[in-house]
Amino acid sequence: MNSMKRIIILASGSGSNVENIINHFRTNAYIEVAAVLTNKNTAPVIERCKRLKVPAIYFNKSAFIDSNVILDFLNSQEPDLIVLAGFLWKIPENLVASFPNKIVNIHPALLPKYGGKGMYGSKVHEAVKENGETETGITIHFVNENYDEGAIIYQAKTNLLPNDTPEQIAEKVHALEYEHFPKVLEKLLLPNG
């Protein structure tokens, strides 16, 4: 029998995707969210984790970038996947190298469009609106050394209306994230499902 597959999530914000992923796997006998790491000690995701009874661990930039504290912690947890859910810092090369094809990010646009440094959250939706796009979506991809350039695992699209505001675009994209992100993670961990 396979042992339990472990997910570690990195998050910086409210944690709505984190909660969605935790709830998706709550009744799964094969996959668990082992811990959530956050780089903001005021992030609402910490309260969500308390309520959901999943360990939430705060770390600062030097632990992440200047030392092996986070690398050592991740190694000790033996994660099958490291999932970025609204995590805004670039992943250091030592982490990328230590977990090849195990770090997965979700981007709120159809990469390669609207990717790269500084393109996150509402900034993406505002750019999509400004350019009059007729569709947008999500891209789930592996993380490499460069922002938003890792191999694409999955994309989902949504149509946009000419009068959609950036906030409405964000709602459509969030709906795709909630619907697809946990399922794609599940497929990665249990390919023969």
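Note that these values count all heavy atoms, side chains included, but never hydrogens, waters or copies made by symmetry. Along the sequence shown, residues are numbered consecutively beginning with 1.
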Could you tell me whether the side chains of Asn39 and Asn60 share a donor-acceptor contact shorter than 3.5 Å? no
Indicate, with yes or no, if Leu185 and Phe99 share a hydrophobic cluster defined by side-chain heavy-atom contacts under 4.5 Å among Ile, Leu, Val, Met, Phe, Trp and Tyr. no
According to a hydrophobic-cluster definition based on side-chain heavy atoms being under 4.5 Å apart (Ile, Leu, Val, Met, Phe, Trp, Tyr only), do Ile57 and Leu74 belong together? yes
Hydrophobic clusters join Ile, Leu, Val, Met, Phe, Trp and Tyr when side-chain heavy atoms are under 4.5 Å apart, directly or via other members; which others share one with Leu110? none
To the closest 0.5 Å, what do you measure between CD1 (Ile70) and CG (Leu10)? 7.5 Å
Validation row: Tyr147, Lys90 side chains within 4.5 angstrom (heavy atoms): yes
NE2 of His107 to OH of Tyr120: how many Å apart, nearest 0.5 Å? 12.0 Å
Going by distance alone, is a donor N or O of one side chain under 3.5 Å from an acceptor N or O of the other, for His174 and Glu177? yes
Close side-chain approach of Leu52 to Asn23, heavy-atom, < 4.5 Å: yes
Please check: side-chain N/O of Gln168 versus main-chain N/O of Thr165, any donor-acceptor pairing under 3.5 Å? yes
Got a second to check how far Ile22's CD1 is from Asn20's CG, nearest 0.5 Å? 10.0 Å
Any salt bridge between Lys172 and Asp164, counting N to O under 4.0 Å? yes
Under a 4.5 Å cut-off applied to non-hydrogen side-chain atoms, are Thr136 and Val173 in contact? yes
On a heavy-atom basis, the closest approach of Asn101 and Phe142 is O-CE2, 3.2 Å
Which heavy atom of Ala127 sits nearest a heavy atom of Met119, and at what distance? CB-CE, 3.8 Å
Is there a path of hydrophobic side-chain contacts, each under 4.5 Å between heavy atoms of I/L/V/M/F/W/Y residues, joining Val143 to Val124? no
What do the steps show when you test Ser16 against Tyr178 for side chain to side chain contact (heavy atoms under 4.5 Å, CB included), and what is the final call? CA-CA 9 Å; Ser16 55; Tyr178 297 158; 3.0 Å; yes
Between Asp148 and Gly116, is there a donor-acceptor pair closer than 3.5 Å when you use the side chain of the first and the backbone of the second? yes
Distance from Glu133 atom CD to His125 atom NE2, nearest 0.5 Å? 13.0 Å
For Asn131 and Tyr114, does a side-chain donor sit closer than 3.5 Å to a side-chain acceptor? yes
Sequence neighbours excluded, which residues qualify as side chain to side chain contact (heavy atoms under 4.5 Å, CB included) partners of Asp80? Lys5, Arg6, Leu189
Value for NE2 (His180) from OG1 (Thr139), rounded to nearest 0.5 Å, stands at 11.5 Å
Beyond-backbone contact of Ile91 with Leu84, side-chain heavy atoms, under 4.5 angstrom: yes
What do you reckon, is NZ of Lys129 surrounded by more than 12 foreign heavy atoms closer than 6.0 Å? yes
Hey, does the side chain of Asn146 reach the backbone of Glu149 with a donor-acceptor pair shorter than 3.5 angstrom? no
Run the side chain to side chain contact (heavy atoms under 4.5 Å, CB included) check on Cys49 and Glu19 step by step: do they pass? CA-CA 8 Å; Cys49 288; Glu19 181 160 352; over 6 Å; no
When rounded to the nearest 0.5 angstrom, what distance separates CD1 in Ile7 from CD in Glu32? 9.0 Å
Donor-acceptor pair, Arg26 side chain versus Ile21 backbone, under 3.5 Å? no
Can Val33 be reached from Ile140 by stepping across I, L, V, M, F, W or Y side chains whose heavy atoms are under 4.5 Å apart? yes
Val18 with Leu88, same ILVMFWY side-chain cluster at under 4.5 Å: no
Would you call the rings of Phe87 and Phe59 parallel, tilted or perpendicular, where under 30° means parallel and over 60° means perpendicular? tilted
I'd like to check Ile82 versus Val104 (side-chain heavy atoms, cut-off strictly below 4.5 Å). Are they in contact? no
Testing the 3.5 Å rule here: is there a donor-acceptor pair between the side chains of Glu186 and His24? yes
